[in-house]
Amino acid sequence: MKIIRSPQSMAAWSERLRREGLTIGFVPTMGALHDGHRALIRAARLQCDALVVSIFVNPTQFGPTEDLAKYPRPIAADRTLCREEGVDVCFEPTADTMYPEGFQTMVTVPEIAQRWEGVARPHHFAGVATVVTKLFGIVRPHLALFGQKDYQQAMAVKRLVTDLNLGVTIDVRPTIREQDGLAMSSRNRYLSPENRQAATILYQALQAGRRAIQAGRRHASMVERIMRQTVEQEPAALIEYFALCDPASLAPLTHITGRVLLLGAIKIGTVRLLDNVVVPASHQVRRAAK
Ligand code: PAF
């Protein structure tokens with residue numbers, strides 16, 4: 001496995017492969033890799049000739065009070081996982097090479113970014129959209145993979161790829177969960193043992209919402225209340241938001257008439273946890289709202 005740090009060398013490597021007619025798969029990450037990343041890497045490996053994983057803790061997607069400085073950076077373990085999974089290149093740029101002096105261009109996806117996570121983290125999606133656009137420009141992948149856990153991020157990336165004609169296929173893969181349902185995330189490692197147990201309440205709430213819809217509930221506010229009430233049983237958890245939305249536009253729904261996305265964000269101690277489930281229309285009992 002090659003470790004490439006300079007954007008120029010990365011671009012030259014990709015250019016050579018493209019000239020040979022090989023396909024490049026790409027998994028962008030901020031490191032602290034876990035089994036969710038492993039699943040993305042494996043899925044990419046199966047679909048492409050060559051595979052690049054980027055490890056870059058992107059400063060522009062962190063707010064001033066967020067955890068940039070203490071974001072985990074276990075680079076040796078990350079490289080080991082990449083080697084185990086047959087990654088060809090680990091691209092590890094520095095902030096100075098990604099954002100050199102004079103850098104000023106930002107990519108925004110305003111409609112998607114204004115909602116949900118965008119309210120709590122107003123600059124987050126511009127930072128993500130900008131770094132993903134830059135990474136795509138450097139790595140020039142044919143295919144890039146993202147996890148459903150960060151649903152809103154995946155939708156923002158899809159939008160920008162379409163809007164800017166970037167020519168990258170985006171593959172959004174299902175969330176990988178711990179046995180008790182907690183969605184895998186690099187930030188889970190911040191949870192104390194007690195808070196780790198409490199954290200399962202988020203997935204339980206989403207499951208309660210899903211069951212309510214499957215049982216015939218059609219008023220979004222009712223389903224939202226059920227999810228909130230579930231989390232309120234856990235004293236360590238603070239609700240940031242629960243929402244029922246259109247899976248394509250992320251616009252909030254008042255009535256459930258088809259496929260629906262249940263989104264949730266809670267805080268346990270200092271750790272923010274996000275999760276979501278999509279309830280397909282085919283799983284919903286066809287009967288009047290209770
Ligand atoms: O999901 C992440 O790890 C990051 O937001 C991403 C897509 C690598 C951009 O920095």
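Order of appearance sets the numbers: ligands from 1, and atoms from 1 within every ligand.
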Item to check | Shortest reach to atom 5 (O) of ligand 1 by a heavy atom, considering only Gln153, His37, Lys134 | outcome: Gln153
Next on the checklist: Between Glu117 and Arg272, does any side-chain N to carboxylate O distance fall below 4.0 Å?
Outcome noted: yes
Checklist entry - Does Lys70 count as lying over the ring of Tyr190, i.e. NZ or CZ under 6.0 Å from the six-ring centre, within 45 degrees of the axis? => result yes
Checklist entry - Is any side-chain heavy atom of Ser186 closer than 4.5 Å to a side-chain heavy atom of His34? => result yes
Next on the checklist: Are any of the N/O atoms on Asn58, whether in the backbone or the side chain, positioned under 3.5 angstrom from an N/O atom of ligand 1?
Outcome noted: no
Item to check | Enumerated ligand 1 atoms positioned under 4.0 Å from heavy atoms of Val131 | outcome: 9 (C), 10 (O)
Next on the checklist: What I want to know is whether Asp150 and ligand 1 share at least one N or O pair that is separated by under 3.5 angstrom.
Outcome noted: no
Item to check | Subset of ligand 1 atoms that lie under 4.0 Å from at least one heavy atom of Gln61 | outcome: 4 (C), 5 (O), 9 (C), 10 (O)
Checklist entry - Using a heavy-atom cut-off of under 4.0 Å, does the side chain or the backbone of Val157 touch ligand 1, or both, or neither? => result neither
Checklist entry - Quick one: CZ on Arg159 to CD on Glu111, what's the gap to the nearest 0.5 Å? => result 9.0 Å
Next on the checklist: Quick one, Met1 and Asp88 - any side-chain contact, counting heavy atoms below 4.5 Å?
Outcome noted: no
Item to check | Asp275 with Arg177: basic N within carboxylate O range, under 4.0 Å | outcome: yes
Next on the checklist: I need the atoms of ligand 1 closer than 4.0 Å to a non-hydrogen atom of Thr29, numbered in the order shown.
Outcome noted: 8 (C)
